[in-house]
Each structure stands twice: as structure tokens, then as C-alpha cells.
Amino acid sequence: MIEAVDQLEALRARVAAWKRDGLRVGLVPTMGNLHAGHHSLVHLARQHADRIVASVFVNPTQFGPNEDFARYPRTPEADVDGLCDAGCDVAWMPSVETMYPHGVDASVRVGVPGITEVLEGAHRPGHFDGVATVVARLFNQVSPDVAVFGRKDYQQLAVIRYLVRDMAFPLEVLAGETRREADGLAMSSRNQYLSAEERKLAPLLYQVLQGMRDAMASGAPRLQAEAGARARLLSAGFDVDYVVVREPGLDVPDPGPAAPGASLVALVAARLGRTRLIDNLEFRLDGVPA
Ligand code: PAF
């Protein structure tokens with residue numbers, strides 16, 4: 001039976017009781033409007049913890065002024081039902097005032113240097129500081145032994161790992177696989193913004209990632225693989241923020257063909273109409289999945 005909690009004292013009392021009983025606590029941070037991808041993160045958390053808290057909080061500090069904070073889909077009742085079915089014990093659903101007691105503008109911020117400045121960070125200034133700020137708060141509120149994040153947000157996962165190591169949060173970070181629709185489109189709450197026409201085009205994102213992997217596997221220079229992917233997306237009507245191949249830490253590899261055995265990740269962010277979608281594909285050039 002799941003409990004929906006919106007007061008910090010109640011959350012802390014619940015977690016403290018679990019810890020007194022020697023139970024391991026898992027956290028699955030979310031912004032709600034949950035789908036099978038989120039539920040799979042709860043399933044993964046269950047394999048590594050005895051009790052699971054999923055947070056449902058649309059975090060204002062990670063949205064830019066012209067982004068979709070106001071229209072981000074909010075479906076709290078369905079979220080609680082889905083979390084219950086997925087085996088979650090507590091849905092942590094704080095208000096903005098509870099999360100940011102001094103108000104959003106006067107809140108303490110967590111800044112992560114370096115890795116936040118490229119790709120998503122370059123296109124969404126301040127986004128990752130907002131993510132790091134809320135995730136640090138969630139870690140302090142829940143005190144989890146393990147926290148689960150999706151691989152779909154590749155750069156976010158790297159930022160969280162950096163945050164945890166740098167701030168010595170005493171917890172383990174686990175990565176959940178990206179869940180995809182039958183046509184390859186990565187599951188995302190933002191997919192529902194797509195018109196019927198846009199929804200038909202959207203799987204091309206995953207196809208160009210696979211195309212970049214295949215091109216590099218057959219010896220194509222990185223810059224050629226990236227240019228081919230960009231051209232395919234543009235001619236299908238996408239606005240492309242980036243479509244690139246990077247090393248796992250997001251360093252830029254040589255422009256030419258990659259060495260056999262290299263581990264790489266292809267990343268894309270592109271807009272269809274007003275909807276901005278991201279995806280990525282990790283791969284190794286010896287054909288073994290990364
Ligand atoms: O990935 C998300 O849904 C959000 O960025 C997160 C980690 C819940 C922080 O608000």
C-alpha cells in the first residue's frame with residue numbers, strides 16, 4: 001500500500017522508522033506524469049532497496065524562462081496509482097514552498113561546473129544547476145541508500161554522479177535503461193505534446209543515432225557521421241540543437257574514424273514544432289553493447 005506524503009516531517013519519520021529496522025531505502029526522483037519508463041526505474045530500485053520513495057515534483061528551478069514549466073503535464077492521481085502498482089512505498093509530493101522554503105528566487109543553489117556547460121547545458125543555461133539543486137535537496141530529505149536515474153537523460157546522469165562524488169553524498173547511483181515505444185521513440189512525458197504528424201516523424205531521432213553508430217562502426221570519420229545525421233533530421237523538418245558523438249565523459253573525440261573497441265555515445269536534441277526531444281545511444285565499436 002502506497003502512502004502519498006507532502007510534509008517533510010512525515011517523510012522523515014517514515015524513513016527513520018525504516019532505517020531503525022535496518023531497511024535499505026531507494027529513491028526514484030521524477031517530475032511526475034509517469035510512464036512505463038519511470039515504473040521500470042522503480043522496479044530497478046526495488047532490486048537494490050527494501051523500501052522505495054518516488055518523488056513527484058515539477059521543479060521550477062530547472063526550467064528556463066521560455067520553457068514549458070507552466071504547461072508541463074501534471075497527473076498526480078494517476079502517478080500515485082502507477083507508483084503503487086510498480087511497488088513504491090511512498091510518493092513524496094512536496095509543494096514548491098516545502099521544497100524551497102525561502103522561495104524559489106531566494107533559494108540556495110547548487111552549481112556543477114564543467115560537464116554542465118556543454119550540449120544540454122549550452123542550450124538550456126542554468127538547467128543542470130536547477131537539477132543539481134533539487135536533487136541535492138531530495139537526497140537531504142529522503143537520505144536514500146540508493147538513487148535511480150534514467151539513461152535517457154545521459155548528461156543529467158553524469159551531472160548527478162559528479163554531484164554525488166563531489167559532495168560525498170553517502171549513496172549509490174544506479175542507471176535505468178531507456179524504455180522505448182515499439183517504433184523506437186524513447187518514452188518521455190513530452191511525447192504527448194507531439195501532433196499526430198510529428199509523432200510519426202519522431203522515431204527518426206533513434207534511427208539517426210543508430211545510423212551514427214553504424215557509420216562509425218564501418219570506419220566513417222566522426223564529423224561525417226554527425227553531418228549525415230544532421231542532414232537527415234533537417235530534411236525531415238527537425239530543428240536540430242545538436243547531434244554528436246562523444247566519449248562517455250562527454251569529451252570530444254578525434255574528428256576522424258574511432259579506434260576499434262572505443263566506447264562512445266551518440267546524443268541528439270532536436271525540436272519538432274514546439275516540442276524539444278532528446279535521446280542518446282551508448283555503443284562500443286567492437287560490436288559489444290556499451
Ligand atoms: O529527470 C527528471 O525527471 C528531473 O530532472 C529530476 C531528476 C526528477 C529532477 O527534477
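Start at 1 and go down the list; that is how both ligands and their atoms are numbered. Since the structure is predicted, the reported quantities are computational estimates derived from the model, not experimental observations. Along the sequence shown, residues are numbered consecutively beginning with 1.
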Which atom pairs, nitrogen or oxygen on both sides, join ligand 1 and the protein at under 3.5 angstrom?
unit_1   : atom_1 : unit_2 : atom_2 : d
ligand 1 : 1 (O)  : Q156   : NE2    : 2.8
ligand 1 : 5 (O)  : Q62    : NE2    : 3.0
ligand 1 : 5 (O)  : Q156   : OE1    : 2.7
ligand 1 : 10 (O) : Q62    : OE1    : 2.6

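Geometric assessment of R74 against the ring of F69 yields a positive cation-pi assignment under the 6.0 Å and 45° thresholds.
Applying the salt bridge (Lys or Arg N to Asp or Glu O under 4.0 Å) rule to pairs touching residues 93-112 yields nothing, sequence neighbours excluded.
Taking CG of L171 as the reference point, atom CG of D145 lies at 8.0 Å (rounded to 0.5 Å).
Under the 30°/60° scheme for interplanar angles, the aromatic rings of H123 and Y242 are found to be tilted.
Counting only heavy atoms from C-beta outward, the side chains of L272 and Y193 never approach each other to under 4.5 Å.
Salt-bridge formation is detected for the pair R271/D241: a Lys NZ or Arg NE/NH1/NH2 atom is positioned less than 4.0 Å from an Asp or Glu carboxylate oxygen.
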